[in-house]
Visitor: 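I'd like to ask you about the structure that follows.
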Amino acid sequence: MQTFLKFTNFMSKTFALWVLVFAFLAFQFPAQFAIFAPYIPYLLGLVMFGMGITLTFNDFGEVFKHPKSVFIGVAGQFVIMPAIAFCLAKIFNLPADLAVGVILVGSCPGGTSSNVMTYLSRGNTALSVACTTISTLLAPFLTPAIFYILASQWLDINAGAMFMSVLKMVLFPIFLGLIVRAIFKKSISEISRTMPLVSVISIVLILSAVVAVSKDKIVESGLLIFGVVVLHNCLGYLVGFFGARLFKLNIADSKAVSIEVGMQNSGLGAALAAAHFNPIAAVPSAVFSFWHNVSGPILANIFANIKNDDKK
């Protein structure tokens with residue numbers, strides 16, 4: 001079991017590498033990876049189930065201890081990233097499919113890798129976990145609503161159908177995970193430690209499928225969309241940090257908010273795009289998933305060298 005856990009840890013730490021490797025393979029051999037496209041919602045459900053069985057009541061403790069910090073983090077997630085996405089889509093005059101794809105990934109909740117990056121940055125990890133959890137639980141309501149408001153000028157959007165999709169792909173698997181943990185609480189702790197490996201495999205397969213079915217469009221607009229995704233991610237970090245400081249949060253909390261705002265649940269973005277729009281709309285999510293796993297460690301290293309204050 002220890003060997004398997006070491007392998008799981010290795011795969012988690014090298015996640016960005018596997019995204020890059022399998023994206024390349026999917027680009028070269030699209031037919032072999034396109035077969036996973038119909039299973040994208042189920043693969044995302046596995047990721048969310050894994051999140052559910054690892055949650056404890058302690059993860060919600062930060063909400064009650066420091067509600068202001070959690071509120072700012074979650075509000076920043078659902079205000080800053082969608083707003084930046086909308087502005088970038090307008091500034092770069094993106095084609096409709098790519099514009100809605102950028103706005104969709106911007107409207108998603110925080111990604112779970114943000115918790116690891118916050119820990120490495122010496123930020124408030126408990127705050128990061130609380131923000132990820134709350135934003136994920138709010139996603140069925142806020143993601144379709146925000147996306148509809150910002151993206152409906154490009155394409156017709158069925159917010160009700162999207163709400164049901166997020167409910168089935170996010171909320172239901174999380175609650176199922178919570179129930180499984182409650183029933184098998186004595187034996188689930190060992191199993192839950194292997195879930196990061198399941199998450200890595202699932203997300204890699206999701207993004208490989210997106211690349212496979214969108215190969216031609218990636219060739220056509222790859223450089224543009226990569227530039228937009230990099231700007232989106234980096235501006236999210238920047239505005240998140242200084243926004244938190246503006247609201248008088250301490251350095252450790254501001255690091256957590258910055259990373260939480262800048263890193264998205266791109267797997268959800270890819271799944272929703274594939275389910276409701278042209279697969280091309282999933283390309284920004286696929287690129288985002290790779291890029292934020294490159295930028296996250298870089299930012300964590302920078303933040304780790306910034307001394308935390310004692311301000312509460």
Side-chain angles (χ1 to χ4, degrees), residues 5 8-16 47-48 50-78 80-81 108-139 174 177-178 181 189 192-197 199-200 203 233 236-238 240-245 247-266 292-312:
L5 290 176
T8 298
N9 190 44
F10 168 75
M11 292 293 289
S12 299
K13 286 183 177 179
T14 56
F15 176 57
V47 176
M48 293 298 102
M51 180 180 179
I53 67 170
T54 58
L55 285 177
T56 66
F57 286 109
N58 291 334
D59 295 326
F60 298 92
E62 196 70 15
V63 178
F64 304 105
K65 291 179 184 175
H66 302 106
K68 175 186 172 183
S69 299
V70 176
F71 177 80
I72 290 171
V74 173
Q77 178 68 54
F78 286 115
I80 294 171
M81 290 302 274
C108 286
T112 52
S113 53
S114 62
N115 308 150
V116 178
M117 294 306 117
T118 300
Y119 172 76
L120 295 175
S121 73
R122 298 178 185 171
N124 187 338
T125 306
L127 172 60
S128 177
V129 171
C131 288
T132 300
T133 304
I134 299 300
S135 68
T136 301
L137 294 177
L138 290 174
I174 287 176
L178 286 167
R181 185 183 181 90
S189 58
S192 67
R193 292 168 67 186
T194 67
M195 288 312 295
L197 177 61
S199 297
V200 168
I203 293 174
N233 174 236
Y237 291 145
L238 193 67
F241 182 82
F242 287 105
R245 294 299 287 164
F247 283 98
K248 312 296 184 186
L249 296 193
N250 62 40
I251 295 293
D253 285 5
S254 298
K255 290 176 182 178
V257 170
S258 171
I259 294 171
E260 194 63 32
V261 168
M263 301 188 80
Q264 301 296 93
N265 187 337
S266 48
H292 79 179
N293 282 289
V294 172
S295 66
I298 295 172
L299 181 66
N301 185 59
I302 294 170
F303 275 167
N305 292 305
I306 298 176
K307 187 178 179 182
N308 292 335
D309 56 22
D310 297 320
K311 184 178 175 183
K312 301 296 182 185

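Atom set for the values below is all heavy atoms of this structure, side chains included, hydrogens, waters and symmetry mates excluded.
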Visitor: Testing the basics here: between Asn124 and Ala256, what is the closest heavy-atom pair and its distance to 0.1 Å?
Guide: O-CB, 3.5 Å
Visitor: If you take all heavy atoms of Cys131 and Gly73, which pair is closest and at what distance?
Guide: SG-CA, 3.9 Å
Visitor: Quick one: does Thr132's side chain get under 4.5 Å of Ser114's, heavy atoms only?
Guide: yes
Visitor: Of all residues at least two apart in sequence or in a different chain, which pass the side-chain hydrogen bond (donor to acceptor under 3.5 Å, both in side chains) check with Gln264?
Guide: Gln77
Visitor: Rounded to the nearest 0.5 Å, what's the gap from OG on Ser128 to CD1 on Ile259? Could you check?
Guide: 7.0 Å
Visitor: What is the minimum heavy-atom distance between Ser135 and Gly110, and which atoms define it?
Guide: OG-N, 3.4 Å
Visitor: Applying side chain to side chain contact (heavy atoms under 4.5 Å, CB included) to Thr133 and Ile174, what does each step give before you reach the verdict?
Guide: CA-CA 10 Å; Thr133 304; Ile174 287 176; over 6 Å; no
Visitor: Report the residues that fulfil ring-ring contact (aromatic ring centres under 6.0 Å, His included) with Phe241, sequence neighbours left out, ordered by chain and then residue number.
Guide: Phe303
Visitor: Are Thr118 and Glu260 close enough, and set up right, to give a side chain to side chain donor-acceptor pair (under 3.5 Å), and what steps lead you there?
Guide: CA-CA 8 Å; Thr118 300; Glu260 194 63 32; 5.3 Å; no
Visitor: Applying side chain to side chain contact (heavy atoms under 4.5 Å, CB included), name anything that partners Ile302, two or more places apart in sequence or on another chain.
Guide: Ile298
Visitor: Does the pair Ser295 and Tyr237 meet the rule for a side chain to side chain contact (heavy atoms under 4.5 Å, CB included), with working shown?
Guide: CA-CA 10 Å; Ser295 66; Tyr237 291 145; 3.0 Å; yes
Visitor: Less than 4.5 Å apart, side chain to side chain, heavy atoms only: is that true for Ile53 and Leu178?
Guide: no
Visitor: Begin with the C-alpha distance, continue with both residues' side-chain angles, and end with the deciding distance and a verdict on side chain to side chain contact (heavy atoms under 4.5 Å, CB included) for Lys248 and Lys68.
Guide: CA-CA 10 Å; Lys248 312 296 184 186; Lys68 175 186 172 183; 4.1 Å; yes
Visitor: Given side chain to side chain contact (heavy atoms under 4.5 Å, CB included), test Lys307 with Ile251 step by step and report yes or no.
Guide: CA-CA 8 Å; Lys307 187 178 179 182; Ile251 295 293; over 6 Å; no
Visitor: How far apart are the closest heavy atoms of Val70 and Ala130, and which atoms are they?
Guide: CG2-CB, 4.2 Å
Visitor: Are side-chain heavy atoms of His292 and Met117 found at a separation under 4.5 Å?
Guide: no
Visitor: Within the 4.5 Å heavy-atom criterion, are Ser254 and Phe242 side-chain neighbours or not?
Guide: no
Visitor: Over all heavy atoms of both residues, which pair between Ser69 and Leu249 is shortest? Give the atoms and the distance, please.
Guide: OG-CD2, 3.5 Å
Visitor: So, for Ser258 and Leu299, which heavy atoms are closest and what is the spacing to 0.1 Å?
Guide: OG-CD2, 4.1 Å
